[in-house]
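Below is one structure; the comments refer to it alone.
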Amino acid sequence: MNNEFVLLPEPQQSIRLDGVLEVGAGGLISVGARPVAGLHRAARMLQEALSMVGPRWQLTPAGAETDADVRASIAINPYHVPRAQGYRITIESDFLGIVAADEAGAFYAAATMRQIAEQFRGTGRLPCLRINDWPDFLTRGVMHDISKDKIPTLETIFGLVDMLAGLKVNQFQLHSENAFAYRDHKTVWADGTPVTGDDILALDEFCRERHIDLVANQNSFGHFERWFEHAEYLPLAESPEGAVDHWGTGKNVPYSLCATDPKCVDFIRSLYDDLLPHFSSDLVNVGCDETDDLGLGRSREACEEHGKGRVYLEFLNEVSRIVKSHGRTMLFWDDIIVWNYPELIPDLPADAIALEWGYRANHPFAENAGKLADAGVPFYVCPGTASWNTVAGRTDNAMANMLNAAETGRSLGAVGYLNTDWGDHGHWQYLPVSYLGLAYGASVSWSLDSNRDVDISRALDVHVFRDSAGVMGNLVHALGNTDEVSGLRRPSTNGSPLAELLLFPDPSDRRLHPETITSPALDTALDHVDKVMAPISQARMDRDDASLVVDEYLNAAAVMRHCIHMAKARIDAGGVIGSVPASTKAELASDLRPIIEEHRRLWMARNRAGGLKDSAWRMERWLTTYGS
């Protein structure tokens, strides 16, 4: 917009005008004729924003005041602002006016005013300007994973939703595989700390007040391995004895529901009968991705006779019928059909919305989504924060991936943009590691052209970390590029090579990858981490959790340093961990123990206890490897 202040997202159109508006005492804010409740909430937000700058102005209904006292107004008028969720802000030397297309637009206008006001706090004046703004994508969502060990407290989720609302995100999902407290399936969550129905009711109301659609999310085909750990659910499995997945990791566990077993349909129906009444949304994300063992077990004969794609599609249709019986619309991950059986796209359930996902910078969104667009199937583009399987993120990959999704989605007419934040393999990344990706995704999905080259580090300092010293934005951006800077790249992976050294211990040492994990690269990585982290004590964050954010990044850096030292020890020993000298192993164990303890403490600061044992075990097993 200009160098005077920064907005996140930057608006579609903005012009800085000459002069300033003096925010003096005695001003009135006129709230449009016969205002609805949503406009009242936006007016209150505007009132609070202006009170940051100068004396508090009072609200008054339109027509109940004298013109001389009116200094500002907020109203809904779709004739003057025809684009849904759009708004216009005009600040002149003697008046501030907001006109919005609808209640959501009024909320977003007030959110923009709050961002402006925060940067002129206590000055008594605002710059004159004109903003015309509207979203490129009418649906701009975030999906946060709560099924890979880490389930946030309700307070943490509220804080995240509040931040996302300020960034103009309007859909939120909590990805669940076994994380909801189903009344008739207590066995699965008895030893955990799941999200309850009461939690969802409270969160649904919290989201609605912020113009966010809380969408139910329950995987409904694959990713059932944690259910199948319990004997009563094993008969529902496609491969009760287990099957190796398509990544070749050697995983040999029951994974997917059996597509040809009517009891599996009844089981999914029981889940939705319990889950969906807690949500006011018309949408349901049923998942149904990565059904690796389909056709390898009990459905083998049907898949051989009819084709694996057709068997998959028939089960997806059964799930769709259940969703429709609740009066909802189905969202589903499109990888099985679109990536593998595109000839079946015309037979997808009517009105279902496909979720085209991919997390690498060069994911073929255009190729895959183009097939959906050609067939007239509504779809979202779904990039990711690239924070999972890392400890500090992968900045460049995340931003390129999100930009790719936004460009493709806008050009092909995607009906939504869903930014995903996964927690694979123990959910090691701390929540603030995802903030950069969440903020950039929110920005390019709101206004692609205005935000593709946004100074995300500065914007994070101003509106997310609220760091007046300007430290944290650059720090999180640079630390997330450690692999890139040092040359520790593995383009085939959705994770950090450094973090994977601890995440995926492999007796065969196949994951050392000496072609990219070399001593010079590791030295460069260590220097980079030390340099990036050096100014963290100078950060001046105006956040209630400022000290927690610092501690989270300190421990993330400690994990990265440990991975570097462990990898160097392995290289010196010929790559084999067993050949590392006992004294070096003892030093590594001594370094890792306090990291694990700090990981436990930091986990409990934002999250429920369930899942911590598994997450910590992924580090603790290395103590055994080190002989400790």
Side-chain angles (χ1 to χ4, degrees), residues 139 141-147 171-180 182 185 188 195 200 213-227 233 236-238 255-294 309-341 344-345 347-357 372 377-382 415-416 418 420 422:
T139 297
V142 164
M143 190 224 72
H144 184 68
D145 190 358
I146 60 170
S147 282
Q171 187 187 103
F172 187 62
Q173 303 181 26
L174 292 171
H175 171 75
S176 178
E177 294 166 12
N178 64 323
F180 181 76
Y182 288 105
H185 303 285
V188 174
V195 171
I200 294 298
D213 189 25
L214 179 66
V215 172
N217 183 309
Q218 171 60 58
N219 227 326
S220 307
F221 201 164
H223 292 281
F224 268 85
E225 61 267 39
R226 296 202 183 190
W227 289 79
Y233 298 103
L236 299 175
E238 163 72 14
Y255 190 69
S256 301
L257 295 172
C258 178
T260 55
D261 187 344
K263 292 180 180 178
C264 291
V265 176
D266 293 338
F267 169 63
I268 293 299
R269 182 178 294 109
S270 75
L271 297 187
Y272 286 135
D273 286 347
D274 190 352
L275 178 68
L276 296 187
H278 296 90
F279 294 82
S280 60
S281 175
D282 293 331
L283 302 175
V284 184
N285 186 345
V286 304
C288 296
D289 62 320
E290 298 179 333
T291 51
D292 298 325
D293 53 355
L294 175 63
R310 181 61 64 179
V311 172
Y312 173 92
L313 185 59
E314 287 304 313
F315 189 82
L316 187 67
N317 272 303
E318 291 285 0
V319 175
S320 176
R321 282 189 277 271
I322 295 171
V323 169
K324 287 183 178 180
S325 73
H326 286 271
R328 320 278 176 131
T329 296
M330 183 177 79
L331 309 175
F332 70 99
W333 304 117
D334 72 350
D335 53 305
I336 301 301
I337 294 297
V338 175
W339 302 5
N340 299 286
Y341 307 102
L344 297 179
I345 291 176
D347 298 330
L348 284 168
D351 303 324
I353 299 174
L355 303 176
E356 168 54 30
W357 62 272
L372 295 166
V377 176
F379 66 94
Y380 291 5
V381 284
C382 307
V415 298
L418 181 64
T420 59
W422 297 98

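Numbers here simply count residues along the sequence, with the first being 1.
Separation of the Trp339 and Trp333 ring centroids does not fall under the 6.0 Å cut-off.
Atom CZ of Arg269 is separated from atom CZ of Arg321 by 10.0 Å, given to the nearest 0.5 angstrom. Of the inter-residue distances, the one linking Leu348 atom CG with Met330 atom CE reads 7.5 Å to the nearest 0.5 angstrom. In this structure, Asp282 CG and Asp213 CG are separated by 7.5 Å, a value rounded to the nearest 0.5 Å. Here the straight-line distance linking atom CZ of Phe332 with atom CD1 of Ile337 works out to 7.5 Å at 0.5 Å rounding. To the nearest 0.5 Å, atom CD1 of residue Ile146 and atom OG of residue Ser176 are 5.0 Å apart. Rounding to the nearest 0.5 Å gives a distance of 6.5 Å between CG of Leu331 and CD of Gln171.
Aromatic ring pairs are classed by plane angle as parallel below 30°, tilted from 30° to 60° and perpendicular above 60°; the pair His185 and Trp227 is perpendicular. Using cut-offs of 30° and 60° on the angle between ring planes, the pair Phe315 and Phe221 is tilted.
Remark: the backbone N or O of Ala216 is not paired with any side-chain donor or acceptor of Arg328 at under 3.5 angstrom. One N or O on the side chain of Asn219 and one on the backbone of Cys288 form a donor-acceptor pair closer than 3.5 Å. His326 places no side-chain N or O within 3.5 Å of a backbone atom of Val323 that could act as its donor or acceptor partner. With hydrogens and angles ignored, the 3.5 Å screen pairs a side-chain donor or acceptor of Asp261 with a backbone N or O of Lys263. Checked by atom type and distance alone, the side chain of Arg226 never pairs as donor or acceptor with a backbone atom of Val188 at under 3.5 Å.
In terms of the side-chain contact (heavy atoms from CB on, under 4.5 Å) criterion, residue partners of Thr329 (sequence neighbours excluded) are, by chain and number, Leu283, Ile353. Qualifying side-chain contact (heavy atoms from CB on, under 4.5 Å) partners for Arg310, counting only residues two or more places apart in sequence or in other chains: His306, Leu313, Glu314, Leu344, Asp347. In this structure Asn178 satisfies the side-chain hydrogen bond (donor to acceptor under 3.5 Å, both in side chains) test with no other residue, sequence neighbours excluded.
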Original post:
Step by step, would you call Thr420 with His175 a side-chain hydrogen bond (donor to acceptor under 3.5 Å, both in side chains)?
Top reply: CA-CA 9 Å; Thr420 59; His175 171 75; over 6 Å; no

Original post:
After noting the C-alpha distance and the side-chain angles of Asp334 and Phe379, does the key distance pass the side-chain contact (heavy atoms from CB on, under 4.5 Å) rule?
Top reply: CA-CA 9 Å; Asp334 72 350; Phe379 66 94; over 6 Å; no

**OP:** Start with the C-alpha gap between Glu238 and Thr291, add the side-chain angles, then the distance that decides, and say whether side-chain contact (heavy atoms from CB on, under 4.5 Å) holds.
**Re:** CA-CA 10 Å; Glu238 163 72 14; Thr291 51; over 6 Å; no

Subject >> side-chain contact (heavy atoms from CB on, under 4.5 Å) evaluation trace for Trp357 with Met143 >> reply: CA-CA 12 Å; Trp357 62 272; Met143 190 224 72; over 6 Å; no

Subject >> Leu214 and Ser281: CA distance, side-chain angles, deciding distance, side-chain contact (heavy atoms from CB on, under 4.5 Å) verdict >> reply: CA-CA 6 Å; Leu214 179 66; Ser281 175; 5.8 Å; no

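Contact annotation: the side chain of Phe180 approaches that of Ile200 to within less than 4.5 Å [non-hydrogen atoms, C-beta and beyond]. Within the 4.5 Å cutoff, no side-chain heavy atoms of Thr139 are placed close to those of Val415.
Across all non-hydrogen atoms, the minimal contact from Pro349 to Leu316 is CD-CD2, 4.1 Å. Closest approach of Ser220 and Leu257 over heavy atoms only: O-CD1, 3.6 Å. Pairing each heavy atom of Val377 with each of Ala352, the nearest pair is CG1-O, 4.3 Å. Closest of all the heavy-atom pairs between Cys382 and Tyr380 is SG-CB, 3.9 Å. Minimum interatomic distance between Gln218 and Leu275 (heavy atoms only, all atoms of both residues): CB-CD2, 3.9 Å. When all heavy atoms of Ala179 and Ser147 are compared, the pair lying nearest together is CB-OG, 3.8 Å.
More than 12 heavy-atom neighbours from other residues, nucleotides or ligands sit within 6.0 angstrom of CG on Asp266.
Of the N and O atoms on the side chains of Ser325 and Tyr272, not one donor lies less than 3.5 Å from an acceptor on the other residue.
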